[in-house]
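To keep things clear, I will list the structure first and then write my remarks on it.
The chains referred to below are lettered A, B, ... by the order of the sequence lines, with proteins before strands, and numbering in each begins at 1. What you see is a predicted model, and the numbers here were worked out from it, not measured in a lab. All heavy atoms count here, side chains included; hydrogens, waters and symmetry mates do not.
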Amino acid sequence: MQENEKWPKAYDSSQVEKDIYKHWEESGYFNPDTLPERNRGGEMYSIMMPPPNVTGVLHLGHAMEDTIMDIAVRFQRMRGKKALLLPGTDHAAIATQSKVEKLLMKEGVKYPREELGREKLVEKIREFAENSKSTILSQIRVMGTSCDWSRLAYTLDEARNRAVNELFVRMYKDGLIYRGYRVVNWSIKGQITCSDDEIVYIERPAKLYTFKYSKDFPITIATTRPETKLGDTAVAVHPDDERYKKYVGQTFTVDIGAAKPLLIKIIADESVEKDFGTGALGVTPAHSAVDFTMYEKQKAKNDPIGIVPVIGTDGRMTEAAGKDYVGLTVEEAREKFVSWLKTRGLLESEEDITQNVGTSDRYEDVVESLPMTQWWLDMNREIPGRGKSLRDLMREAVTTGLDGSAEKKIRIMPERIVKEYLDRIDNLRDWCLSRQLWWGHRIPVWYKKQPAVTNDESSEKEMYVGAVAPEGEGWEQDPDTLDTWFSSGSWTFSTLGWPEITEDLKRYQPTSWMQMGYELRYLWMMRMILMHTYVLEEIPFKDCYIHGLLKDEHGKKFSKSSGNGIDPIEVVERYGCDALRLSLILGISPGNDSKFYLEKVEANRNLVNKIWNISRFIVSSTQDTDSASRVEAKTLADKWLLARLAEIESRVTEMLESYQFSQAGEMLRDFTWSDLADWYLEIAKIEKGKEAILRHILETVLKLWHPFMPFVTEYIWGLMGNKDLIVAEWPKDDVLRTEYRETAEFETVRNLVTDIRRLRAEQGVEPAKFIEAGVAASGDDQQRLEENVEVIKHLARLSEMKLVATVPEGWATTISGVITVGINVAGTVDKEKEKAKAEKEIAELKPYITSLQAKLQNEEFTSKAPEKVVQGMKDKLAEAEAKLKALEDTST
RNA sequence: GGACGUUUAGCUCAGUUGGUUAGAGCGUUCGAUUCACAUUCGAAAGGUCGCAGGUUCGAAUCCUGCAACGUCCACCA
């Protein structure tokens with residue numbers, strides 16, 4: 001074929017991708033409202049894009065998510081659905097604010113909050129966020145993502161802010177959100193509260209100290225945090241513990257150096273393990289979540305114990321800790337208190353242990369447990385009128401279905417995640433919603449007097465909950481903002497216009513599908529389920545696919561600190577978007593991590609180019625074809641290929657329906673490269689008159705590939721004179737599927753060609769040389785080969801192929817299935833090689849035959865195994881025996 | 001302390017409800033360049049399916065135990 005401008009030898013993605021994306025965007029097909037008639041009347045299909053954080057740029061993980069979502073939505077669009085992929089970004093409260101603060105500090109603003117003040121700092125963050133947002137949005141376009149830009153959402157925009165406020169107020173009115181003095185996770189470094197989900201547990205060595213408060217105190221206790229003991233108010237023992245039963249209810253006064261002598265009450269609590277340590281637990285309600293629950297239990301029992309905070313928000317000991325300790329860090333205080341115990345002879349032992357401590361996922365410091373007044377979401381309280389709690393809703397949504405309705409059940413993939421999720425639900429504590437941050441949704445609560453961040457139980461002033469301040473003077477809004485996951489949690493409906501009951505809301509939720517990385521399954525998936533089921537009494541999505549992490553070739557996480565980051569945009573520039581997309585989805589299995597490296601992209605670039613050249617060949621050789629001509633299989637090869645195509649069509653469809661992208665893509669690749677390019681197109685050069693079939697095949701293949709590699713397929717589609725592959729009809733049941741089913745017959749021909757090629761290579765026949773061949777076959781095989789003599793001759797480079805009774809003496813021979821084939825090597829046959837080959841095959845075949853025979857003689861097998869299996873084995877045995885006989889004939 | 005995942009060719013991974021000679025891509029070796037594509041084509045080598053037991057006529061696949069790696073949960077005071 002002539003080189004020409006339209007069809008260069010190699011596909012150049014950089015020349016076409018931008019224009020094609022622009023064309024798609026202008027076509028309106030990304031927006032379900034402006035899709036062709038067929039789609040607008042179709043079933044709805046919706047995906048909400050997990051909003052990337054506006055903290056920087058798109059990374060490979062985003063690129064992978066964009067790819068799988070885009071494959072899903074393109075597939076559904078081609079099938080005629082009213083398909084929506086709704087894009088958006090996340091303001092990412094703490095991530096963004098801390099990032100900007102760090103940048104400012106680098107620029108010399110040492111204390112950004114103090115120096116700039118709330119308004120100015122928020123303005124700086126907004127600037128940064130807007131910048132980052134526009135970068136990210138343009139990168140989503142580069143990935144070819146077919147999302148509806150007219151519905152673009154941002155977690156901190158006007159509409160989403162309205163939704164968040166409304167949600168907060170509604171939950172408050174339902175009694176689910178409350179203000180409470182409770183123990184929080186406090187990051188000293190970040191000066192901020194963390195939810196349980198933002199805690200990362202790490203193991204570290206620690207010392208377990210066993211001691212008594214005083215010489216005459218009857219119970220010995222153990223702790224890894226001696227300094228907190230300055231705030232102890234009780235000792236808890238198991239109610240059945242004979243050793244301590246007699247003390248329960250008594251109160252002891254001990255002086256261990258705190259500001260005031262401690263009043264220690266002995267209480268009984270089921271959760272204390274008799275066999276752990278001394279079987280008694282010093283209770284510090286102010287500095288341990290567990291102890292705090294005991295404090296609450298005692299309060300409920302009307303047998304209260306005290307609560308004494310001895311650590312402040314600055315991580316230093318408070319005045320309550322006593323004059324010897326005030327102002328010290330916890331480490332200093334610990335050392336001091338331990339030596340105090342030692343000098344008094346109160347320390348019984350010191351033991352090295354490994355301890356699990358919680359750290360802040362953002363600031364990476366060990367979090368302190370401190371009591372504070374914060375806003376909380378109650379997991380256990382009954383929702384008015386629903387007869388169940390938020391926890392119940394979260395459980396129902398993945399088990400029985402919401403309200404027991406199977407229609408309202410979320411299917412999570414891979415399934416094992418469900419178990420982990422339920423585990424987590426069972427252990428869920430109330431969610432601390434308020435954050436000491438400025439970047440985010442400000443808590444919609446107003447006070448007459450502003451409470452300071454403090455760990456004293458402050459007296460409440462007049463309070464009003466609502467988005468707008470009430471009438472009158474002196475109202476000040478709560479200074480805190482909401483946990484960023486509060487707004488992300490409402491993503492599946494806030495994006496559709498809620499709290500207004502819009503057409504979009506009615507139509508596109510519950511959404512069809514959600515995908516996310518497994519690190520988000522609690523932080524985000526759980527919250528979406530919680531909020532959606534609460535607000536709309538519906539599930540947020542029908543299917544949820546949890547994918548693994550992308551790692552580098554050594555299995556390491558991509559991260560800035562290890563410097564192994566790969567910029568997806570650079571990869572697109574170098575190899576093309578289609579190649580990158582394939583590399584992100586092929587060879588992965590759901591829920592497992594996968595590795596990414598450039599060799600993979602290269603291989604997939606080659607695949608894209610292969611498709612380009614297949615098209616180039618087919619288009620050039622079918623230029624004058626009447627596109628209306630009927631697709632009809634005339635030869636064995638035609639029947640075979642059309643049967644394969646029909647099979648691929650239905651299997652790829654099935655796989656995409658069940659979100660098995662990797663498998664679908666691999667199947668298509670194998671078909672395209674091997675069956676179509678290497679075999680059928682080669683045959684098409686020999687057997688003429690395939691124009692209509694070739695066109696049909698190419699168009700079908702382009703359609704099947706389009707969701708995976710949208711750019712090159714759309715481009716070729718255009719070069720073929722067609723319009724808008726993006727909305728072309730997905731291949732489905734057609735005449736081919738029922739007409740052509742048989743693929744096995746062609747395998748005889750294919751195997752014969754391969755075996756002759758191997759024989760030539762073994763015998764050292766020059767590759768270009770045409771030689772004579774003789775083929776001894778019988779029955780159906782004989783006829784099949786006769787019909788395909790020309791094909792075989794060309795593909796195996798034969799000058800002549802005769803069907804013979806026996807292969808002439810002196811020719812090199814091999815066995816292909818049950819066919820004996822010989823080639824005339826003009827007396828130069830390498831007997832040694834031939835014999836070695838035959839012997840090797842015989843050696844493999846004999847034990848195989850023996851084992852088959854043994855199986856077939858085994859009555860247990862023949863009576864128990866299904867008839868199909870037994871028959872299959874008999875056939876195999878017959879074939880193997882025939883082959884063995886032929887081999888033995890040739891090797892003697 | 002519980003739970004989960006992974007372990008298959010040198011590398012990356014497939015392997016559907018157990019069915020009998022375990023597959024692909026990359027890499028390796030040998031060979032090929034006029035006529036779609038060297039971003040290509042042909043051929044080959046390469047695996048005791050982590051280990052040990054068990055169930056079964058039959059196990060990479062099911063069960064039990066163990067090991068290595070990874071992950072999650074828990075009020076390990």
Partner nucleotide of B:C13 by Watson-Crick or wobble geometry (both distances under 3.5 Å): B:G23

Rounded distance (Å) that lies between atom C1' of B:C72 and atom CZ of A:R424: 9 Å

Flag for A:E881-A:Q853: side-chain donor and acceptor within less than 3.5 Å: yes

Protein proximity profile, nucleotides 39-44 of chain B - base contact B, sugar-phosphate-only contact S, no contact -, cut-off 4.0 Å on heavy atoms: BSSSSS

Value in whole Å for how far the C1' atom of B:C72 lies from CG of A:N427: 12 Å

Residues A:K207 and A:D352 bridged, charged N to O under 4.0 Å: yes

Exceeds 12 heavy-atom contacts within 6.0 angstrom, atom CZ of A:R651: no

Donor + acceptor pair across side chains of A:S369, A:S288 (<3.5 Å): no

Under 4.0 angstrom between A:R416 side-chain N/O and B:G5 OP1 or OP2: no

Under 4.0 Å protein heavy-atom contact, by nucleotide of nucleotides 6-19 of chain B - B base, S sugar-phosphate only: ------SSSS---B

Separation between CD1 of A:I823 and CG of A:L798, rounded to the nearest 0.5 Å: 8.5 Å

Whole-Å P distance, B:C69 and B:U55: 32 Å

Pairing partner (Watson-Crick or G-U wobble, both distances under 3.5 angstrom) of B:G42: B:C30

Reported CG-to-CG distance for the pair A:L582 and A:L668, which is rounded to 0.5 angstrom: 10.0 Å

Pair listing, side chain to side chain donor-acceptor pair (under 3.5 Å) test, anchored in residues 760-769 of chain A, at least two apart: A:R758-A:E762

B:G18 and B:C26, which share atom name C1', separated by this distance in whole Å: 31 Å

Residue closer to the 5' end of RNA chain B, A:K685 versus A:R225 (nearest nucleotide): A:K685

Between B:A74 (P) and A:E420 (CD): distance, integer Å: 12 Å

Between B:G42 and B:G47 - P atom distance, rounded Å: 24 Å

G-U wobble or Watson-Crick pairing nucleotide for B:G18 (cut-off 3.5 Å, both distances): none

Interatomic distance at C1', B:C57 relative to B:G23, whole Å: 26 Å

Carboxylate-amine/guanidinium contact A:R225 A:E368, below 4.0 Å: yes

Side-chain donor/acceptor contact of A:E682 with base of B:A36 under 3.5 Å: yes

Check: A:I219 main-chain N/O paired with A:R243 side-chain donor or acceptor under 3.5 Å: no

Distance, rounded to the nearest Å, where A:D352 contributes CG and B:C76 contributes C1': 15 Å

A:V272, nearest nucleotide to its side chain (from B:U21, B:A77, B:A38): B:A77

Base-pairing mate for B:C35 - Watson-Crick or G-U, with both contacts under 3.5 Å: none

Sugar-phosphate only, base, or nothing, as touched by A:A768 at under 4.0 Å among non-hydrogen atoms: nothing

Sugar-phosphate only, base, or nothing, as touched by A:I618 at under 4.0 Å among non-hydrogen atoms: nothing

Gap in Å between the two C1' atoms, one belonging to B:G46 and one to B:C4, rounded: 34 Å

Test: A:E747 and A:R750 ion pair at under 4.0 Å: yes

For atom CD of A:E844 and atom P of B:A22, their distance in whole Å: 10 Å

Basic-acidic side-chain contact under 4.0 Å: A:D196, A:R424: no

Gap between atoms CD1 and C1', on A:I425 and B:A3 respectively (whole Å): 16 Å

Closest listed nucleotide, where the reference is the side chain of A:T223 and the choices are B:A36, B:C72, B:A77: B:A77

Touch class at under 4.0 angstrom, heavy-atom based, for A:R669 against every strand present: sugar-phosphate

Integer angstrom distance from the P of B:C11 to that of B:G53: 26 Å

Nearest-Å distance for atom pair CG/C1', residues A:L676 and B:C37: 13 Å

Cationic tip of A:K876 above A:Y848 ring, under 6.0 Å, 45° of axis: no

Span that lies between the P atom of B:A3 and that of B:G10, in whole angstrom: 34 Å

Euclidean distance, atom CZ of residue A:R182 to atom P of B:C75 [Å, nearest integer]: 13 Å

Which nucleotide in B:A77, B:C4, B:C73 has an atom nearest any side-chain atom of A:L281: B:A77

Nearest-angstrom distance, P atom, B:C35 to B:U48: 42 Å

Pairing nucleotide - B:C51, Watson-Crick or G-U, each distance under 3.5 Å: B:G65

Complementary nucleotide of B:C72, counting Watson-Crick and G-U pairs under 3.5 Å: B:G2

Closest-nucleotide ordering on RNA chain B, the 5'-leading residue of A:T224 and A:Y518: A:Y518

